[in-house]
A.B. asks: 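Sharing a structure with you now.
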Number of protein chains: 2
Amino acid sequence: MTQIYDLPGHQIRRLHQISVAVFAAQTRAAGFDLTPVQYAALASLRDHPGIDQATLAGLIAYDRVTIGGVVSRLEARGYLQRKVRDGDRRARSLTLTERGESLLATIQPAVRATQDQLMAGLAPDERDAFMRLLAKLTEAGNHLSRAPFEGGEA
Amino acid sequence: MTQIYDLPGHQIRRLHQISVAVFAAQTRAAGFDLTPVQYAALASLRDHPGIDQATLAGLIAYDRVTIGGVVSRLEARGYLQRKVRDGDRRARSLTLTERGESLLATIQPAVRATQDQLMAGLAPDERDAFMRLLAKLTEAGNHLSRAPFEGGEA
DNA sequence: CTCTATTGATATGTATACTGATGATTAGTA
DNA sequence: TACTAATCATCAGTATACATATCAATAGAG
C-alpha cells in the first residue's frame, strides 16, 4: 500500500525541514537573522565577486527567479551591491559590501554548529558514508532539477 | 573557508529540490496535478480516515498552518471532505471522497516511478544504506523541527 | 460550577520555490 | 547589416513553509 514513511522523498523532505529549522535556531542564537539561501548566496559571492544573478543561481543551484528575490532582500539589508555590468546592460554585477563580508566572518561558528547538530545522530564513519551517498545522488539527479548546479569544479 | 558544497544542509536541500521536481514531472506525465504534500495528506488520510487537521499534520510532519492551506485546496478540488466533528466543534474531521480514493489508486505507479528515478544514482545496496542512515537522521533530529512527526508506530 | 490553561483552526506577514510570460539587450547568422 | 535566436532579469500567479497572534471551544483545577 506504500506507506509514505518508506518513500525516500518523504524522509528527504523531513531532513531538509529539520536542517532549515536548525540553521534558523543556530544563527538566531548567535544573534543573526539569515536564512540558508541567503547564507549560500553571500558565501558564494565572497568566492566569486562580480558575478551576475544567473551565474550565482547556477553556483548554488537555485532558481533564477528565487535568487532575484533573495538578492533584492540582501541588497535592501545592505549586505551586497547590485550594479549594471559594463559591456552587458542586461546583467547585474553582484558584490559583497563591508557589512556582508563582516557578517560572513562572524556567522561562521553558527554555520558549523548547524552541521554538527544536524549530523549528531550518526557516528563519524556513518556521516562520511551518508555524505558520500548524498553527493552521489545529487550529482546523478542534477539534470532533473529546474535549478541544476552549473559551475565547473565544485 | 567552508565551501557551501561541503555542508550537509546544502546537499540535502538540493536532493529535496530534485525530489520535488521529479515528483512533479512524473505525476504530470501520468496526467495528474498533485504536489508531494498533497499526496502525503491524501495517502495518510486513506490510512486514518476521520482524523482532524492537527493529527494529520503530526502524521506527515508538517506545520499545522501549512496543512490548513493544503487541505483547503484539496477540498476545493473535491478530493476530501471537511466537517465539524461531533463532540468537539473546534476540530474538523477529514475524509477522502470517492474522487480522492480513486486518485490515490491511479497515481500509485507515478509515485513509485518517482522514487525509482530519485534513487537511480545508487546501487541497490547503497540505496538500503542511504535509507537507513536517512531514517536515523530524521529520527534523531525530529525534535528539532517545529513540525515533528507525531503518531506512534510508523 | 467558574476560572484558567490548552487546543484546533485560522489570519497575517515574510521568505522560499517554480511555471509561464515578457521586456531589454546581446550574439549569431544570412 | 538586417533578422533571428539566445540570454538576463523581472512580473504574475500558485503552492509550500514558518513565526506570531487571535478566536472559538474544550478540559482541568479548585
Side-chain angles (χ1 to χ4, degrees), chain A residues 9-10 13-14 16-25 27-28 33-41 51-58 60-77 82-94 144-148 150, chain B residues 9 13-25 27-28 33-41 51-58 60-77 82-94 144-148 150:
Chain A
H10 181 72
R13 184 195 62 77
R14 280 189 61 200
H16 173 60
Q17 208 159 33
I18 292 167
S19 168
V20 171
V22 169
F23 186 94
T27 54
R28 180 174 308 189
D33 178 26
L34 211 68
T35 65
V37 211
Q38 291 171 350
Y39 172 75
I51 56 176
D52 59 36
Q53 295 183 185
T55 305
L56 174 61
I60 60 181
Y62 270 91
D63 187 279
R64 289 214 307 249
V65 180
T66 300
I67 289 304
V70 171
V71 165
S72 241
R73 283 181 284 274
L74 288 174
E75 185 191 26
R77 288 167 64 186
R82 184 157 40 169
K83 65 175 179 184
V84 174
R85 176 183 292 167
D86 313 337
D88 189 345
R89 299 215 305 277
R90 290 172 304 183
R92 311 266 185 278
S93 272
L94 306 175
L144 300 172
S145 172
R146 190 211 178 187
E150 295 166 335
Chain B
R13 184 195 62 77
R14 281 189 60 199
L15 188 56
H16 172 60
Q17 207 158 34
I18 292 167
S19 169
V20 171
V22 170
F23 186 94
T27 54
R28 179 176 307 188
D33 177 27
L34 212 68
T35 65
V37 209
Q38 292 172 350
Y39 171 75
I51 57 175
D52 59 37
Q53 295 183 187
T55 306
L56 174 61
I60 59 181
Y62 271 93
D63 186 279
R64 290 213 309 249
V65 179
T66 301
I67 290 305
V70 171
V71 165
S72 241
R73 284 181 284 274
L74 288 174
E75 185 191 28
R77 289 165 63 185
R82 187 157 39 166
K83 65 174 180 184
V84 173
R85 175 183 292 166
D86 312 338
D88 190 343
R89 299 214 306 274
R90 289 172 305 181
R92 311 266 186 280
S93 271
L94 307 175
L144 299 172
S145 172
R146 194 216 174 185
E150 294 168 334

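The sequence lines fix the lettering, A, B, ..., with proteins before strands; numbering per chain opens at 1.
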A.B. asks: Might you point out which heavy atoms bring B:A147 and B:Y62 nearest each other, and give the distance in Å?
C.D. replies: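 In terms of heavy atoms, the two residues are closest at CB-C, 3.3 Å.
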A.B. asks: How would you label the contact of A:D63 with the nucleic acid (heavy atoms, under 4.0 Å): base, sugar-phosphate, or nothing?
C.D. replies: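 Base, at least one base atom sits under 4.0 Å.
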A.B. asks: On a heavy-atom basis, which atom in A:S145 and which in B:I18 lie closest, and how many Å separate them?
C.D. replies: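 Heavy atoms only, the tightest pair is CB-CG1, 3.9 Å.
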A.B. asks: In whole angstrom, give the distance that lies between atom CG of B:D52 and atom C1' of C:dT10.
C.D. replies: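 The distance from CG of B:D52 to C1' of C:dT10 comes to 14 Å, rounded to the nearest Å.
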A.B. asks: What is the separation between atom CZ on A:R64 and atom C1' on D:dC11, rounded to the nearest whole Å?
C.D. replies: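 Spelled out: CZ on A:R64 to C1' on D:dC11 is 14 Å.
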A.B. asks: Could you tell me the separation between the CD atom of A:Q53 and the C1' atom of D:dC11, rounded to a whole number of Å?
C.D. replies: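 For the pair A:Q53 CD and D:dC11 C1', the rounded distance is 14 Å.
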A.B. asks: For the CD1 atom of B:I60 and the NE2 atom of A:H10, what is their distance to the nearest 0.5 Å?
C.D. replies: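 Reported to 0.5 Å precision, the distance equals 7.5 Å.
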A.B. asks: Take atom CD1 of B:I60 and atom P of D:dT16, then tell me their distance rounded to the nearest Å.
C.D. replies: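 The answer, rounded to whole Å, is 10 Å.
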A.B. asks: Taking atom C1' of D:dA9 as reference, at what distance in whole Å does atom CZ of A:R82 sit?
C.D. replies: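 In whole Å, D:dA9 C1' and A:R82 CZ are 9 Å from each other.
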A.B. asks: Round to the nearest Å and state the distance from A:R14 atom CZ to D:dT16 atom C1'.
C.D. replies: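 In whole Å, D:dT16 C1' lies 18 Å from A:R14 CZ.
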A.B. asks: Can you name the closest pair of heavy atoms from B:Q38 and B:V70 and give their distance?
C.D. replies: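 Looks like CG-CG1, 4.1 Å.
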A.B. asks: Tell me the interatomic distance from A:F23, atom CZ, to D:dA17, atom C1', rounded to whole angstroms.
C.D. replies: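 Rounded to whole Å, this separation is 16 Å.
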A.B. asks: Using a cut-off of 4.0 Å on non-hydrogen atoms, how would the nucleic acid contact of A:R85 be classed: base, sugar-phosphate, or nothing?
C.D. replies: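 No contact.
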A.B. asks: Tell me which of A:A91 and B:A61 sits closer to the 5' end of DNA chain D, going by the nucleotide each one is nearest to.
C.D. replies: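 Its nearest nucleotide being more 5', the pick is A:A91.
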A.B. asks: Applying the side chain to side chain donor-acceptor pair (under 3.5 Å) test to B:Q53, which of B:R82, B:R92, B:R64 qualifies?
C.D. replies: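 When B:R82, B:R92, B:R64 are each tested with B:Q53, the side chain to side chain donor-acceptor pair (under 3.5 Å) holds only for B:R82.
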A.B. asks: Starting the side chain at C-beta, find the nucleotide from D:dA15, C:dA9, D:dA9 nearest to B:Q38.
C.D. replies: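 Selected nucleotide (nearest to the side chain): D:dA15.
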A.B. asks: Within the structure, does a side-chain N or O atom of B:R92 lie under 4.0 Å from either OP1 or OP2 of C:dG8?
C.D. replies: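 No, outside the criterion.
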A.B. asks: Looking across every strand, which nucleic acid part, if any, lies under 4.0 Å from B:V20 by heavy atom: base, sugar-phosphate, or nothing?
C.D. replies: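 Answer is nothing: B:V20 stays at 4.0 Å or more from every strand.
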A.B. asks: Select one nucleotide: of C:dA15, D:dA15, D:dA25, the one nearest the side-chain heavy atoms of A:R73.
C.D. replies: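 Given the options C:dA15, D:dA15, D:dA25, the side chain of A:R73 is closest to C:dA15.
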A.B. asks: Whole angstrom is fine here: how far is it from CZ in A:R90 over to P in D:dA5?
C.D. replies: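 After rounding, the reported distance stands at 16 Å.
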A.B. asks: Base, sugar-phosphate, or nothing for B:T35, non-hydrogen atoms under 4.0 angstrom?
C.D. replies: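 It contacts sugar-phosphate atoms only.
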A.B. asks: Want to settle it: does B:A54 or A:H16 sit nearer the 5' end of DNA chain C, counting the closest nucleotide to each?
C.D. replies: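 The 5'-side residue here is B:A54.
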A.B. asks: Examine D:dT16: is either OP1 or OP2 under 4.0 Å from a nitrogen or oxygen in the side chain of B:Y62? Give yes or no.
C.D. replies: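 Checking B:Y62 against D:dT16: no side-chain N or O falls below 4.0 Å of OP1 or OP2.
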A.B. asks: Reckon B:V65 touches a base, only the sugar-phosphate, or nothing at all at heavy-atom distances under 4.0 Å?
C.D. replies: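 Base contact.
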A.B. asks: Choosing from D:dT20, C:dA17, D:dT16, which nucleotide comes nearest the side chain of A:R28?
C.D. replies: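 Nearest listed nucleotide: D:dT20.
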A.B. asks: Nearest to the side chain of A:R89 - C:dG20, C:dT25, D:dC8?
C.D. replies: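 Output: C:dT25.
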A.B. asks: Of all the choices, C:dT26, D:dA17, C:dC18, which nucleotide is nearest to the side chain of A:D88 once you look at every atom?
C.D. replies: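 Nearest to the side-chain atoms of A:D88, counting from C-beta on, is C:dT26.
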A.B. asks: Can you identify which nucleotide, out of C:dA17, D:dC18, D:dC8, has its nearest atom closest to the B:A147 side chain?
C.D. replies: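 Nearest listed nucleotide: D:dC18.
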A.B. asks: Side-chain N or O of A:Q17 less than 4.0 angstrom from OP1 or OP2 on D:dT16?
C.D. replies: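 For D:dT16, neither OP1 nor OP2 has a side-chain N or O of A:Q17 closer than 4.0 Å.
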A.B. asks: If we ignore hydrogens and angles and just use 3.5 Å, is the side chain of A:R89 paired with the main-chain N or O of A:G87 as donor and acceptor?
C.D. replies: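 No, the answer is negative, given that no donor and acceptor are paired below the 3.5 Å cut-off.
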A.B. asks: Identify, between A:T55 and A:R13, the residue whose nearest nucleotide on DNA chain D lies closer to the 5' end.
C.D. replies: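 On the 5' side of the pair lies A:T55.
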